[in-house]
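Written below as structure tokens is the structure these notes are about.
As a basis for the values below, the full set of heavy atoms in this structure was taken, side chains included, without hydrogen atoms, waters or symmetry mates. Chain A is the first sequence line, chain B the second, and so forth, proteins listed ahead of strands; every chain is numbered from 1.
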2 protein chains.
Amino acid sequence: MRILVVEDEPQIASGISAALAASGYQPRIAADGEEAWFLGDTEDFDLVVLDLGLPKMDGLAVLKRWRTAGRQMPVLILTARGAWPERVEGIDAGADDYLAKPFQIEELMARVRALIRRAAGHASPVIESGPISIDTRQMRVLVNGTNVAISPLEYRLVAYLLHHKGRVVSPGELIEHLYGDDDARDANALEAVVTRLRKKLGADVIQTRRGFGYMVAGAPE
Amino acid sequence: MRILVVEDEPQIASGISAALAASGYQPRIAADGEEAWFLGDTEDFDLVVLDLGLPKMDGLAVLKRWRTAGRQMPVLILTARGAWPERVEGIDAGADDYLAKPFQIEELMARVRALIRRAAGHASPVIESGPISIDTRQMRVLVNGTNVAISPLEYRLVAYLLHHKGRVVSPGELIEHLYGDDDARDANALEAVVTRLRKKLGADVIQTRRGFGYMVAGAPE
DNA sequence: TTTCTGCTGACAAACCGCTGACAGCGGCCA
DNA sequence: TGGCCGCTGTCAGCGGTTTGTCAGCAGAAA
């Protein structure tokens with residue numbers, strides 16, 4: 001199992017690297033964005049641990065370039081604490097998980113194991129429910145197999161509901177995940193997005209559970 | 001579902017509280033150890049979220065006093081990151097789970113749900129009694145396997161009775177759990193809800209124990 | 001019987017979610 | 001630079017639903 005550790009702080013990088021090695025993985029360190037991009041594009045890794053604040057090229061940019069180039073290895077993002085916009089962007093850009101700094105090395109290892117296990121299984125980048133499906137890598141939404149133009153905010157909303165399909169998601173939870181908690185939004189904004197989405201996806205994809213929240217049908221992921 | 005949030009940092013406390021409320025729980029905040037101890041000892045909570053570093057009385061001391069007094073509600077401890085010894089002590093003192101700060105609110109909610117389910121003795125999100133069953137993920141109620149339209153308040157009522165099936169629940173307890181203690185409601189409001197529920201679920205699901213309260217049959221688990 | 005407790009149907013107010021319109025904002029292109 | 005266009009939050013109004021209240025009733029308890 002080869003793991004690429006992208007981290008410019010040498011101490012942290014070697015700490016992570018040592019822990020990975022101790023668990024039997026083969027870690028490889030990249031200290032800046034360009035090196036990371038080059039390694040990730042030319043070599044084969046089972047997982048990438050990616051810090052966002054990097055010299056030469058930002059972590060998110062690296063990730064996006066990998067994804068547009070078709071690289072599909074799971075990516076675990078390290079973010080500064082409270083940097084919500086970064087996280088949301090990271091997920092949009094195709095990250096599979098994120099972890100806030102500072103973190104326990106044990107926790108990092110647990111997530112690494114989880115991601116690798118998931119990737120080994122059938123972690124498809126496509127999630128479906130009834131007539132609609134989303135491709136989380138390409139950030140596309142298909143209705144009955146045909147592509148539908150969708151805005152970023154709308155995409156995040158469907159994606160979140162699909163990731164949690166079969167469960168009622170409260171408006172508060174949705175707002176927090178769409179915007180981050182720093183910015184207080186009217187619940188009506190959410191309703192407006194839902195209305196617009198329903199016009200594009202069909203009226204019955206997103207169900208309303210009055211008094212509880214929204215739900216997309218399907219067996220939980 | 002009433003949840004006691006013990007946290008002296010007002011921002012964090014209100015953040016947790018808001019998230020809990022958004023998920024349909026009734027949170028109550030205690031800002032120091034003494035208040036926490038008093039509330040936990042005199043009132044009935046389904047769960048306690050307990051920060052350890054508190055003014056006036058330490059969180060662990062509070063927990064120990066509750067346990068020696070025979071209080072058995074599940075307790076989720078919040079610890080500073082890296083404070084491993086505290087965690088171990090917490091578990092020895094009778095905590096059911098712990099979460100390291102800083103944490104994702106989403107992760108806290110997941111653990112809260114898990115603890116409440118576990119406390120009620122259900123591994124699965126479905127609770128049954130006779131012909132009826134509820135799906136706590138979808139907020140649905142089935143009678144003989146077919147879905148029945150149900151209002152939020154009605155759902156909360158059945159859910160509570162089912163979580164405590166086999167036990168007589170007093171009107172006072174029910175009102176407290178449905179509305180929270182800030183808002184005083186007529187007992188008749190409760191009876192009205194029960195009437196409406198019986199029409200939907202069948203007359204004999206919710207039994208009346210005259211002078212004591214209501215009950216749903218079933219093994220207490 | 002009398003009294004008390006709980007049940008029930010009717011009703012109106014409050015609430016909740018939906019939607020169309022509009023405006024501000026930012027990106028893009030000529 | 002100026003204008004156009006798409007995205008998104010806000011607003012106001014609309015239904016339908018939910019729910020507390022009330023008044024009367026039924027059955028159990030005493």
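- Going from atom CD of B:Glu154 over to atom P of D:dG20 covers 10 Å, rounded to whole Å.
- The distance from atom CG of B:Leu197 to atom P of C:dC7 is 12 Å, rounded to the nearest whole Å.
- Computed from coordinates, the A:Leu153 CG to C:dG27 P distance equals 16 Å when rounded to whole Å.
- What separates OH of B:Tyr179 from P of D:dT21 is a distance of 9 Å, to the nearest Å.
- Contacts of A:Arg210 classified as side-chain contact (heavy atoms from CB on, under 4.5 Å), with partners at least two apart in sequence or in another chain: none.
- Between A:Leu190 atom CG and D:dT10 atom P the separation is 12 Å, expressed in whole Å.
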Close N or O pairs between protein and nucleotides 19-25 of chain C (under 3.5 Å):
{"from": "C:dT19", "atom 1": "OP2", "to": "A:Thr195", "atom 2": "OG1", "distance (Å)": "3.3"}
{"from": "C:dT19", "atom 1": "O4", "to": "A:Asn188", "atom 2": "OD1", "distance (Å)": "3.2"}
{"from": "C:dG20", "atom 1": "OP2", "to": "A:Lys199", "atom 2": "NZ", "distance (Å)": "3.2"}

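- With 3.5 Å as the limit, one finds no donor-acceptor pair spanning the side chains of A:Arg156 and A:Ser151.
- Taking all atoms of both residues into account, the shortest heavy-atom contact from A:Leu52 to A:Leu60 is CD2-N, 3.8 Å.
- In this structure, A:Ser129 contributes its side chain and A:Ala217 its backbone to a donor-acceptor pair below 3.5 Å.
- Rounding to whole angstrom units, CZ of residue A:Arg210 and P of D:dT18 are separated by 6 Å.
- Listed pair B:Tyr214 / C:dC7 meets the phosphate criterion, a side-chain N or O lying under 4.0 Å from OP1 or OP2.
- Of the possible polar contacts, none joining the B:Asp8 side chain to the B:Pro55 backbone as a donor-acceptor pair under 3.5 Å is found.
- In this structure, CG of B:Leu157 is placed 11 Å from P of D:dG20, rounded to the nearest angstrom.
- Comparing B:Ala189 and B:Lys200 against DNA chain D, the residue whose closest nucleotide sits nearer the 5' end is B:Lys200.
- Between D:dT19 and B:Ser151, a contact under 4.0 Å exists linking OP1 or OP2 to a side-chain N or O.
- For the pair B:Glu154 and B:Lys200, the salt-bridge criterion is met [side-chain N within less than 4.0 Å of a carboxylate O].
- Residues that satisfy the salt bridge (charged side-chain N to carboxylate O under 4.0 Å, His left out) test with A:Arg167, not counting sequence neighbours, are A:Glu173.
- Rounded to a whole Å, the CG atom of B:Asp186 is 17 Å from the C1' atom of C:dA13.
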